[in-house]
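Report on the following structure.
Computation of the quantities below employed the complete heavy-atom set of this structure, encompassing side-chain atoms and omitting hydrogens, waters and symmetry-equivalent molecules. Letters A, B, ... mirror the listed sequences (proteins, then strands); counts begin at 1.
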Amino acid sequence: MAVNNELFKGTLQTIILNLLSENEKMYGYEITQKVKAITQGELMLKEGALYPALHKLEAEGLLETTTEVVENRVRKYYSLSKDGEKEVINKLQEVKDFIAQLQLLLNLKPAI
Amino acid sequence: MDLTKEQLAYIRSFIQQKGFKYIDVQMEILDHVASSVEERMEADPALKFEDAINETHKAFGSDGFAVIQKSVVNGLKKKYSRFFWQNFLNYFGYKHILLVLFLGFVVYKLQEIMSSDAFYITYIAGMFSVFALLLLYNFRDSIYKQYMSYKSAVSFLTFLGSFLVITNLAISRSNQVLTTFSLNRSFLIVSVLITLFIVYFIAALKTAKVGMRESKQLMDKYKLVV
């Protein structure tokens with residue numbers, strides 16, 4: 001059963017920051033494929049959601065970018081800035097707290 | 001499978017035909033589309049190259065590639081706006097505030113020492129120098145106008161004319177002698193406006209230079225692939 005994408009919109013920035021904390025640098029398409037692979041196709045990160053989030057994080061100074069010539073084209077890589085490295089810890093904690101509250105509200109048992 | 005240079009040129013042309021003219025916007029769309037086309041053709045070797053491009057374009061939804069352009073434009077605007085205001089406000093921090101106050105003091109004193117006509121001519125000459133410098137920059141760096149980074153970064157320079165108009169109005173009223181704390185109020189207003197203009201100009205010029213540098217870096221890489 002596919003997960004409703006609306007449910008993860010609010011945590012998209014945290015997902016991107018967390019992926020980049022686990023991978024030194026990633027490009028846009030790679031991020032969409034990574035989300036698809038980790039969730040075994042249950043979550044599809046659409047371009048319409050990914051790029052606004054990436055560029056917003058870059059504008060806020062949480063991401064840095066570099067460009068490289070790869071396979072006869074210019075590729076833009078995103079990586080965490082110093083501020084981004086600090087922010088990912090806060091954002092992850094916020095999401096964990098939110099999930100804990102949701103479990104209480106919806107009477108869900110934590111997954112084992 | 002890696003796409004050939006000819007296939008990449010075809011995708012670039014496809015993107016341009018959709019109306020995306022800025023090279024830095026094209027670059028990001030191109031890499032995403034090319035990566036997607038490569039994967040689709042790998043998964044289904046019978047899939048034609050043109051069909052793989054159309055499938056990728058459809059996957060972007062009804063707005064097509066505009067979603068990437070819109071987010072690039074918004075992101076760059078925010079990025080350079082943040083850089084500009086950090087620079088502008090930095091001149092009012094402890095490191096530069098004395099210099100800024102001294103500049104304001106010099107402008108005030110010049111108005112006291114010089115006749116109003118002589119000060120106005122000096123002011124106009126100063127403004128002409130600023131705009132001549134801007135024309136020179138625009139002329140020299142027009143090649144970067146194909147880059148959204150350049151366009152966003154130089155946008156702050158376009159507001160310089162507003163300062164000119166306001167300051168001009170303030171100077172033309174400086175015959176009235178009203179005082180605040182024993183200071184000529186008109187001289188004070190003109191000093192503040194000219195000082196703000198100079199600080200604004202320096203911050204806007206720095207922002208434009210960063211945009212030019214980043215566009216040049218992109219252009220150097222772009223030349224390697226076309």
Side-chain angles (χ1 to χ4, degrees), chain A residues 2 5-6 9 12-13 15-17 19-20 23 25-37 40-41 43-84 87, chain B residues 1-9 11-12 23-39 56-57 59-83 86 148-149 152 214 217-226:
Chain A
N5 281 0
E6 290 294 319
K9 270 188 182 171
L12 185 53
Q13 290 195 359
I15 291 167
I16 294 170
L17 290 172
L19 279 174
L20 288 169
N23 299 272
K25 59 178 185 179
M26 295 177 90
Y27 56 97
Y29 186 75
E30 186 183 12
I31 294 173
T32 62
Q33 296 311 103
K34 192 81 175 174
V35 169
K36 190 177 166 187
Q40 296 177 324
L43 285 181
M44 301 294 281
L45 181 49
K46 296 283 182 189
E47 293 81 359
L50 171 71
Y51 285 99
L54 278 175
H55 293 129
K56 189 168 185 283
L57 288 167
E58 185 191 357
E60 287 170 356
L62 299 177
L63 297 186
E64 288 173 347
T65 59
T66 50
T67 48
E68 286 177 27
V69 175
V70 179
E71 294 157 5
N72 291 319
R73 56 189 187 253
V74 180
R75 178 164 285 166
K76 187 174 177 182
Y77 283 101
Y78 296 86
S79 57
L80 287 185
S81 66
K82 288 261 187 297
D83 286 344
E87 189 63 16
Chain B
M1 62 162 289
D2 291 350
L3 296 178
T4 63
K5 277 195 171 185
E6 289 72 27
Q7 287 172 318
L8 289 169
I11 298 175
R12 192 173 294 115
I23 290 171
D24 36 4
V25 174
Q26 282 177 22
M27 281 180 188
E28 194 149 15
I29 299 173
L30 176 74
D31 185 46
H32 191 101
V33 173
S35 301
S36 174
V37 166
E38 283 171 350
E39 196 177 276
T56 302
H57 185 240
F60 273 75
S62 56
D63 291 339
F65 303 143
V67 74
I68 294 189
Q69 171 156 283
K70 196 178 167 190
S71 71
V72 170
V73 172
N74 288 340
L76 286 172
K77 271 185 191 167
K78 278 182 200 161
K79 176 183 160 180
Y80 289 116
S81 181
R82 193 165 149 261
F83 182 85
Q86 272 179 353
M148 184 52 78
S149 303
S152 298
E214 291 183 352
Q217 285 168 354
L218 281 175
M219 193 168 73
D220 290 344
K221 284 173 185 164
Y222 183 68
K223 280 179 183 168
L224 296 173
V225 296
V226 288

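Taking OH of A:Y77 as the reference point, atom CG of B:D31 lies at 8.0 Å (rounded to 0.5 Å). Taken from CG in B:N74 to NE2 in A:H55, the straight-line distance is 10.0 Å, to the nearest 0.5 Å. Interatomic distance, A:E30 CD to B:S35 OG, rounded to the nearest 0.5 Å: 9.0 Å. Going from atom CD of A:E47 over to atom CG of B:D63 covers 12.0 Å, rounded to the nearest 0.5 Å. Remark: A:T65 OG1 to B:E214 CD distance equals 7.0 Å, nearest 0.5 Å. Between the NZ atom in B:K221 and the OG1 atom in A:T66 there is a gap of 7.0 Å [rounded to 0.5 Å].
For the options B:R12, B:E28, B:M27, heavy-atom pairs under 4.5 Å to chain A are most numerous at B:E28. Residue with the most contacts toward chain B among A:E58, A:E68, A:Q33: A:Q33 (heavy-atom pairs, distance under 4.5 Å). With chain A as the partner, the residue from B:V225, B:L8, B:L76 showing the most heavy-atom pairs under 4.5 Å is B:V225. Interface remark: of the candidates B:A66, B:A34, B:A59, B:S36, B:S36 forms the most heavy-atom pairs closer than 4.5 Å to chain A.
Proximity to chain A is limited to the side chain of B:E38, based on heavy atoms less than 4.5 angstrom apart.
With contacts defined as side-chain heavy-atom distances shorter than 4.5 Å, the pair B:K78/A:K56 qualifies.
A pairwise comparison of heavy atoms in A:A59 and B:G75 identifies CB-O, 3.3 Å as the closest pair.
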